[in-house]
2 protein chains.
Amino acid sequence: RVVVSGGTHGNEYTGVWVLQRLQLRSAELAEQHPSIAIETLFANPPAHAANRRFIDDDLNRQFSAATLADTTASSFEAGRAKAIAADMGPKGAAADAAVCIDMHTTTANMGCTVIVSSYSTLALRAAAFVHTHWDDADEASPPLPLRVMVEECSQCEAAHLASVARHGIEIEVGPTPQSLLRADVVASTERCLRLLLRYLELHYSGAEPATPATLPVYVSLGKVPFVDGADADGALPGAVVAASLQDRDFAPLRAGEALFEALDGSLVPYDGSLGEVVHPVFINEAAYY
Amino acid sequence: RVVVSGGTHGNEYTGVWVLQRLQLRSAELAEQHPSIAIETLFANPPAHAANRRFIDDDLNRQFSAATLADTTASSFEAGRAKAIAADMGPKGAAADAAVCIDMHTTTANMGCTVIVSSYSTLALRAAAFVHTHWDDADEASPPLPLRVMVEECSQCEAAHLASVARHGIEIEVGPTPQSLLRADVVASTERCLRLLLRYLELHYSGAEPATPATLPVYVSLGKVPFVDGADADGALPGAVVAASLQDRDFAPLRAGEALFEALDGSLVPYDGSLGEVVHPVFINEAAYY
């Protein structure tokens, strides 16, 4: 049982759109993937209807074992997470859903990033398969660049929706504004999804493809928060991402190079605290202000 | 009296940010522009605090003479428009504010577009001045492309905020997601604003600069609405802007070329109803879904 989910963040339209396209093609998909049962999950319809990331709390932070077990949490998303876990779970190796593929977008220039967790070797192999076949000529139009990111965490601690299934994979595509559909972002999301499903079909039919000897991946080192804003309501950040850094996701950033431009025009350099050279991602993601 | 406004749409952060930067530099600005009194207007603070385009109704559609005179309109923005008109107006040639420059952003790839109305020759001259000096080497970093758009309407009919002053000018910069600041979009907005204020200083000090013999402009022909969506809540449009059209604002589009891609993947061509060759703008603007 493979669950493809979208709309976990209600203002990320691409996943919701791709779900509708999957449903149109469900017979064809079933025929192409006889060894897996593909289901779709529209994760947060009320947030989507409100055109917001979430109603009360980020749904994609509600799935740690501790949060799922917390019966006192009363937010809409805490309850929604428990309902999803009851259907796909119980969270972990015994989960009813073998795989969850959750589709996201970002305002950052991240191309198509497959995000997997270190606890799942199946997810890592699936990401390697996508990486190997990303530029195959059988697909239409040149895709956005493909990268693999690995989050180092246990499944128990992992708080994102996809972690409920035995194996979780996130597709993160950008740049795209929130509340908008771009044909290139839709196409890259669908290309990634097609390759993941092809891998899973091979895997579950017993025809496991050869895994490449090495796979270049990016690993999270930490977060650099946005500078707080000075306006009374706090909607604006206190600084703009430096022009020299904007859109340079996955490119090297060295200590001393510009990180932010403050309101008065002064540049705030990267202080080297996460390493002398880092490769920033989610640069200027609107949801992280 | 020259009013620079921003935050007319609450989720267009650039204008609000630039207003804060203008306030920081108000003494310097006053010194550089002795012939004009520059004021700032944060047009819709409640919508900005809510991180929405508007609370009840689009504020930038509330300023026609008829709407301003309608005492039965009860939306928040209808009231806010009357308050702004009472301060800058009365709308028209006798308005207290000589000029209003209103700052906007778009998710479309429109570069920096100066939007003026055909009723104001001063606004047209100011736009020509910006066009002439856009690539002057005294400014830092290469700017986004600059174009001039002319709306053909009477001041009485004009419904946008800037139309309240004797002369109204809109600065529209993109692409940028809503609810986000990009350094390049901020820089182009500020470059445009600097040139407009320089022109107004010259004009009101009696040193009217020579106007170029010709000025290339774009004129609105009409609107092509987004296809309605099929999802129950209506948040998604019913089609994606065709990949071949996305980001091609101001480039020619011919009858028969692709306009949209429907949910089933079929392409919907442009039907030629606005002319055999048109130059689309506001392509995939999120607020127009």
Looking only at atom types and distance, does a side-chain atom of A:H48 sit under 3.5 Å from a main-chain N or O of A:G10, one as donor and one as acceptor?
yes
Using a 6.0 Å cut-off, check whether atom CZ of A:R61 has over 12 heavy atoms from anything other than its own residue.
yes
For B:S188 and B:L144, indicate whether the former's side chain and the latter's backbone hold a donor-acceptor pair under 3.5 Å.
yes
Taking only heavy atoms into account, what residues of residues 264-273 of chain A are found under 4.5 Å from chain B?
A:D264, A:G265
With the threshold set at 4.0 Å, does a side-chain nitrogen-carboxylate oxygen contact exist between A:E28 and A:R25?
yes
Look at the side chain of B:N60 and the backbone N and O of B:H160, then say whether any donor-acceptor pair between them is shorter than 3.5 Å.
no
Non-hydrogen contacts under 4.5 angstrom with chain B: give the residues of residues 282-289 of chain A involved, or none if there are none.
A:N284, A:E285, A:A286, A:Y289
Side-chain (B:T106) to main-chain (B:A108) donor-acceptor, under 3.5 angstrom:
yes
Would you please classify the geometry between the B:F226 ring and the B:F260 ring as parallel, tilted or perpendicular, with 30° and 60° separating the classes?
tilted
Tell me whether A:E12 contacts the main-chain N or O of A:T105 through its side chain, where contact means a donor paired with an acceptor under 3.5 Å.
yes
So, the part of A:N11 with a heavy atom under 4.5 Å from chain B: the answer is neither
Are any side-chain N or O atoms of B:R52 and backbone N or O atoms of B:I55, one a donor and one an acceptor, separated by less than 3.5 Å?
yes
Would you confirm whether B:E77, through its side chain, and B:D58, through its main-chain N or O, come within 3.5 Å as a donor-acceptor pair?
no
Could you tell me which portion of A:L181 (side chain, backbone, both or neither) has an atom closer than 4.5 angstrom to a non-hydrogen atom of chain B?
both
I'd like to know whether CD of B:E31 has more than 12 heavy-atom contacts from other residues, nucleotides or ligands below 6.0 angstrom.
no
Quick check for you: among B:Q246, B:E261, B:R182, which has the greatest number of heavy-atom pairs under 4.5 Å with chain A?
B:R182
